[in-house]
Amino acid sequence: MLKAQRKVYVPFRHAQFLLRPNAVSPSSPLDLIKLLKLSADTKTVKVGKTIHSHLIVTSQATENNIIEVNSLINFYAKVNQVSIAHNLFDRMPDRNVVSWSALMTGYLLNGFSLKVIRLLKDMISEGNVSPNEYIFAIAISSCCDRGRVEEGRQCHGLLLKTGFSFHNYVRNALVSMYSKCSIVQDAMGVWNEVPVNDIVAYNSILSRLVENGYLREGLEVLRSMVSESVKWDKVTFVNAFSLCASLKDLRLGLHVHGKMLTSDVECDAYVSSAIITMYGKCGKSLMARGVFDGLQSRNVVLWTAVMASYFQNGCFEEALNLFSKMEQENVKSNEFTYAVLLNACAGLSARRNGSLLHGHSEKSGFKHHVMVGNALINMYAKSGDIEAAKKVFSDMMHRDIITWNAMICGFSHHGLGKKALLVFQDMLAAEEHPNYVTFTGVLSACGHLGLVQEGFYYLHHLMKQFGVQPGLEHYTCIVSLLSKTGQLNEARNFMRTAPVKWDVVAWRTLLNACHVHQNYGLGRWVAEFVLEMDPNDVGTYTLLSNIYAKEKRWDGVVKVRKLMRDKKIKKEPGVSWIEIGNVTHIFTSEDNKHPDYGQTYQKVKELLAMIKPLGYTPDIGAVLHDVEDEQKEYYLSYHSEKLAIAYGLLKLPSEASILVIKNLRICDDCHSAVRLISKVTNRVIVVRDANRFHHFQDGRCSCLDYW
DNA sequence: GTAGGGTTAG
């Protein structure tokens with residue numbers, strides 16, 4: 001991995017004369033060496049090469065020579081031409097420790113960490129020059145990649161023998177190495193050995209702690225900086241803001257912001273984006289926007305940070321609106337921008353908008369960026385087009401853990417368990433290590449397929465094998481798996497014994513199973529239990545009322561309705577929408593505001609008449625008991641998803657599949673109606689409800705009638 | 001003449 005170069009202001013006026021032909025050089029060799037360093041730091045290849053040719057012509061074999069060549073090695077190393085650097089190094093009659101360190105830095109910067117270690121070994125075996133603190137710091141830094149830890153430990157051992165481990169450079173490199181390799185205990189061990197007040201060391205460990213989620217320890221470090229009166233610099237503030245963001249601690253964030261405003265630290269783009277991100281993660285998108293609006297100049301990162309703040313707080317449209325503003329100001333998107341925008345589309349299930357951005361990103365040259373690919377998979381999967389998600393996945397040249405997770409969870413979300421498990425197998429074959437998220441997808445796929453044994457095998461063995469500690473989500477998947485296969489008592493027992501604190505979601509899973517499997521006794525018990533945990537859970541009231549209705553216990557239905565009235569809980573009205581062309585058509589169960597309402601309602605009636613001969617009977621038990629049967633049927637046909645689907649059938653070409661999105665869970669009646677509608681109209685109909693996707697085709701649904 | 005810390009996503 002390339003390391004970022006320090007940014008240096010370029011006083012080019014001083015360098016220009018060298019580029020003129022026939023320039024009479026007024027410089028002493030020392031000036032040239034300074035210029036060479038400058039061109040290395042600023043990566044101005046042309047200037048450096050000119051100096052090189054100048055030196056070839058003028059240099060004699062003097063004592064200066066070794067410094068000149070070292071500077072040249074440093075220059076070529078920094079401008080990513082490390083083979084030229086190595087050539088120069090090989091041709092040196094005498095080398096000193098700087099020659100070695102300059103070359104090693106070159107390999108380090110260009111990502112050839114093995115080469116760095118080999119050079120260290122060569123140096124030791126040649127024995128002319130002894131390694132110093134620079135050499136060790138570079139060698140240790142090269143062990144920062146995962147899988148290089150063992151070499152890092154060997155270097156550490158060597159250091160303890162030579163006594164260099166107390167040098168600041170080296171200690172910082174060790175701390176950095178261990179923490180980048182996620183061995184935070186060792187990093188803290190080194191850190192605690194000797195007290196320091198080197199700002200870089202503080203920043204280094206703080207950043208690593210935050211990055212790896214050791215937030216309590218991060219807070220400790222920040223406190224010790226205060227107690228030891230270490231003056232904070234820009235980087236400290238950036239780290240402190242990201243710590244507050246990770247902690248979602250607005251109070252601390254405000255405090256740090258105040259401290260920054262009263263300090264003399266310059267608020268550059270790094271600091272500003274850290275502040276914006278902090279406010280965003282603490283739930284204050286408007287404050288993030290306020291900081292953003294107050295900035296003099298805004299680069300892509302700042303735009304993306306403020307979009308992300310909106311996204312994280314559910315303001316998807318605001319995030320998307322900023323995109324056009326950014327374009328107006330001629331700021332180009334990068335892969336992060338596309339990721340945020342596509343995620344916002346996913347949040348809105350805005351497939352059309354998403355595919356426009358897809359085209360946009362490809363035109364801007366991001367076709368093969370992993371981050372963009374991941375966001376595209378997520379966007380297509382969440383907006384209903386799992387085929388398009390699969391296509392993006394298949395076309396990707398590089399994949400990371402997020403890619404695999406997005407595809408596995410996407411398939412699972414759509415109820416396509418077999419496909420999810422196939423991708424999981426491919427993932428293992430590709431030697432990618434599954435993580436926490438992977439197993440939520442895998443276990444829910446097992447749930448869709450009813451694979452109880454496999455589910456437990458994954459939970460008890462495979463997760464252990466990959467070092468993933470099972471959490472609430474995984475245990476909930478098991479509850480859902482047992483529930484789905486009708487083992488309600490086993491599910492309840494599992495909930496008694498599993499070592500987690502169950503939340504409302506898990507109990508609701510069991511409750512839903514009781515409803516589907518008609519175990520109304522247990523269902524009522526669970527519902528009461530859930531309502532004790534969360535007395536405002538609308539879904540549970542609805543299920544409980546449904547259970548009473550199925551039992552024909554109208555007193556119970558009345559009781560639930562009274563409870564809801566007393567608590568002023570209103571059932572959220574059902575809303576469904578469908579995108580046609582670039583217009584989103586919205587249907588609700590409570591109004592008839594759509595301009596084509598009459599025609600649409602007529603179509604629903606027609607469809608229901610078509611499916612009645614196939615065995616559809618309106619599930620009138622689910623509707624209020626005190627209404628006439630005819631009226632009940634009318635209520636049911638009013639359901640927003642029926643209207644939206646009918647509208648799609650009216651307006652879309654006959655081969656097009658229909659995607660409808662609904663805010664609530666689809667009801668029994670609509671589910672069986674849509675299954676049959678997919679058969680009589682010979683259409684693929686996809687409904688995304690509050691929980692998952694239902695793929696209706698040829699009279700069947702991908703959820704196998706369990707949801 | 002050689003090194004080390006920071007921004008935007010899941």
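Chain naming here is simple, since letters A, B, ... match the order of the sequence lines and numbering starts at 1 in each. What you see is a predicted model, and the numbers here were worked out from it, not measured in a lab.
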Using OP1 and OP2 only, check whether a side-chain N or O of A:Lys37 sits under 4.0 Å from B:dT2. yes
Select base, sugar-phosphate, or nothing to describe what A:Asn378 touches, counting heavy atoms under 4.0 Å on all strands. nothing
Using the ring centroid of each side chain, check whether A:His474 and A:Tyr436 are separated by less than 6.0 Å. yes
Could a donor-acceptor pair under 3.5 angstrom be found where the side chain of A:Asp198 meets the base of B:dG4? yes
Mind calculating the distance between CD (A:Glu133) and P (B:dA3) to the nearest angstrom? 12 Å
At 4.0 Å (heavy atoms only), tell me whether A:Asn435 reaches a base, stays on the sugar-phosphate, or touches nothing. nothing
Nearest of B:dG6, B:dT2, B:dT8 to any side-chain atom of A:Phe336? B:dT8
Can you measure A:Glu266 atom CD to B:dT7 atom C1' for me and round it to whole angstrom units? 14 Å
Closest of B:dA9, B:dG4, B:dG6 to the A:Ala308 side chain is B:dA9
Within residues 310-333 of chain A, find the residues that approach DNA chain B with a heavy atom at under 4.0 Å, and present them sorted by residue number. A:Phe311, A:Gln312
Do the two ring centres, one from A:Phe393 and one from A:Trp404, sit under 6.0 Å apart? yes
Does A:Lys78 place a side-chain N or O at less than 4.0 Å from the phosphate oxygens OP1/OP2 of B:dA3? yes
Check the distance between B:dG6's C1' and A:Ile276's CD1 and give it to me in whole angstrom. 15 Å
Whether A:Arg171 contacts B:dA3 is assessed here as follows: a side-chain N or O lying under 4.0 Å from the phosphate OP1 or OP2. Is that the case? no
Within this structure, what is the CG-to-C1' distance between A:Asn343 and B:dA9, rounded to whole angstrom? 7 Å
If you check the A:Asn132 side chain, which of B:dT2, B:dT8, B:dG1 turns out closest? B:dT2
Residue A:Asn239, side-chain heavy atoms: nucleotide from B:dG6, B:dG4, B:dG1 that is nearest: B:dG6
Can you list every salt bridge (Lys or Arg N to Asp or Glu O under 4.0 Å) pair that touches residues 307-336 of chain A, not counting sequence neighbours? A:Arg298-A:Glu329
If I take atom OH in residue A:Tyr134 and atom P in nucleotide B:dG1, what distance separates them, rounded to the nearest angstrom? 10 Å
Keeping to residues at least two apart or across chains, list the salt bridge (Lys or Arg N to Asp or Glu O under 4.0 Å) pairs with something in residues 233-245 of chain A. A:Lys234-A:Glu266, A:Lys234-A:Asp268
Looking at B:dG10, B:dG6, B:dG4, which one has an atom nearest to any side-chain atom of A:Ser141? B:dG4
Tell me whether the OP1 or OP2 atom of B:dT2 has a side-chain N or O from A:Thr105 closer than 4.0 Å. no
For a quick check of understanding: with a heavy-atom distance under 4.0 Å over all strands, which category does A:Val271 fall into, base, sugar-phosphate or nothing? base
The side chain of A:Val200 is closest to which nucleotide in this list: B:dG1, B:dT7, B:dG4? B:dG4
Within the structure shown, what part of the strands sits under 4.0 Å from A:Asp268 by heavy-atom distance: base, sugar-phosphate, or nothing? base
NE2 of A:His369 versus P of B:dA9: gap in Å, rounded? 16 Å
Closest to the A:Asn374 side chain, choosing from B:dG4, B:dG10, B:dG1: B:dG10
Testing B:dT7, B:dT8, B:dA9 for proximity to the side chain of A:Ser273, the answer is B:dT7
Taking every non-hydrogen atom, the tightest pair across A:Ser130 and A:Val97: O-CG2, 3.7 Å
Examine the base of B:dA3 for any acceptor or donor lying under 3.5 Å from a partner atom in the side chain of A:Tyr169, and report the outcome as yes or no. yes
Where do A:His167 and A:Phe136 land on the ring pair (Phe, Tyr, Trp, His ring centres under 6.0 Å) test, with the steps shown first? CA-CA 10 Å; A:His167 202 288; A:Phe136 280 120; over 10 Å; no
Less than 6.0 angstrom separating the ring centers of A:Phe316 and A:Tyr310, yes or no? no
Name the closest nucleotide to the A:Ile402 side chain, picking from B:dG10, B:dT2, B:dT7. B:dG10
Closest to the A:Val98 side chain, choosing from B:dA3, B:dT8, B:dG1: B:dG1
Rounded to the nearest Å, what distance is computed from the CZ atom of residue A:Phe366 to the P atom of nucleotide B:dT8? 17 Å
What is the distance, to the nearest angstrom, from the NZ atom on A:Lys34 to the C1' atom on B:dG1? 12 Å
